[in-house]
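Before any comments, here is the structure.
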Amino acid sequence: KAGVTQTPRYLIKTRGQQVTLSCSPISGHRSVSWYQQTPGQGLQFLFEYFSETQRNKGNFPGRFSGRQFSNSRSEMNVSTLELGDSALYLCASSFDPPPSGNYGYTFGSGTRLTVV
Amino acid sequence: GQQVMQIPQYQHVQEGEDFTTYCNSSTTLSNIQWYKQRPGGHPVFLIQLVKSGEVKKQKRLTFQFGEAKKNSSLHITATQTTDVGTYFCAGPMDSNYQLIWGAGTKLIIKP
C-alpha cells in the first residue's frame, strides 16, 4: 500500500512569506500528526488531527496552523516565516481511534523548508 | 510534566561491538514505541512493547520494557554499518495519549 506522502519535498521561502505543506496519510489512517525537526534536534510536536478535529497541539506560536480534510489529508500552514522556521517538517499517520496512542506512526519523507 | 528521558545522546562504537540505548519515563506508560531514523531520512517504526517485562527480538535487535513500565531499552548485538542512525523511543501521555518522544540516541560507527 502507498505510504505517507508529503509535498513538496523541498521549499525555499523568503522571510515574511507564508507556506502551506501537504500530507496524504496511509489509506484508512485517520490520525495525522505534524512534527518539526531541526538539525541535531529531536522531534518537536506541532499538532495532531483526527477526523478533521485538532486533538492535540504543541507549544508553537499561532503562526503555525493546520487542518484536516474529510479524506484525512492534512495541511499545515506557517505564516510570516522567520529564519528559525527552517527545518524538516514531518507528517505521520496512524490508525488511532481515540482514546489510544497505542498504534505506531508511519512517517512521510518530510518537507525540507529553508527560509532565507 | 510527563517526560521521557533517553540516554546516551550519542554512542560511538566499532563495527561489531554492541550498542544500547535507554529510555526512562517519569510516569508509567501504557506502551512504548521505538523508531529508527537513518541520516537524511525519516523515522521508521520498529516495534511497540505493551506488557510489563516484555522482551522482543528482531534479528540482532532486542527490545525490553521494564516491569514497572517506566523504562525500556534497545540493544543491538554486533553492530553493522546499516545500523547507523538515531534511535528514538516514544510513549503516550496519560492525559491525551499524545506521544512523548525521547531526544534520541545517535549510533555512530567508528571508521
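Nothing here was measured: the structure is a model prediction, and the numbers come from that model. In the text below, chain A, chain B and the rest are named by the order of the sequence lines, each starting its count at 1.
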Checklist entry - Of the backbone (N, CA, C, O) and the side chain (C-beta and beyond), which part of Gln6(B) lies under 4.5 Å from a heavy atom of chain A, both, or neither? => result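 For Gln6(B), there is no contact with chain A at all, as no heavy atom is under 4.5 Å.
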Look up atom [atom1] in [X] and atom [atom2] in [Y], then write down how far apart they are to the nearest 0.5 Å.
X	Y	atom1	atom2	value
Leu43(A)	Thr86(B)	CG	OG1	9.5 Å
Phe45(A)	Ile100(B)	CZ	CD1	11.0 Å
Ser94(A)	Gln33(B)	OG	CD	7.5 Å

Shortest non-hydrogen contact from [X] toward [Y]:
X	Y	answer
Phe88(B)	Gln37(A)	CZ-NE2, 3.9 Å
Gly41(B)	Leu88(A)	O-CD2, 4.4 Å
Gln98(B)	Tyr35(A)	NE2-OH, 3.4 Å

In terms of hydrophobic clustering (I, L, V, M, F, W, Y; side-chain heavy atoms under 4.5 Å; direct or indirect links), are [X] and [Y] co-clustered?
X	Y	result
Leu90(A)	Val78(A)	no
Phe47(A)	Tyr89(A)	yes
Leu21(A)	Leu46(A)	yes
Met76(A)	Leu113(A)	yes
Phe64(A)	Leu83(A)	yes

Checklist entry - So with a 6.0 Å cut-off around OH of Tyr22(B), is the heavy-atom count from everything else above 12? => result no
Checklist entry - Quick check: are there more than 12 heavy atoms from other residues, nucleotides or ligands sitting under 6.0 Å from CD of Gln2(B)? => result yes
Checklist entry - Is it true that a side-chain atom of Tyr35(B) and a backbone atom of Tyr105(A) form a donor plus acceptor pair closer than 3.5 Å? => result yes
Checklist entry - What part of Ser109(A) gets closer than 4.5 Å to chain B, counting heavy atoms only: side chain, backbone, both or neither? => result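 For Ser109(A), heavy atoms of backbone and side chain both lie under 4.5 Å from chain B.
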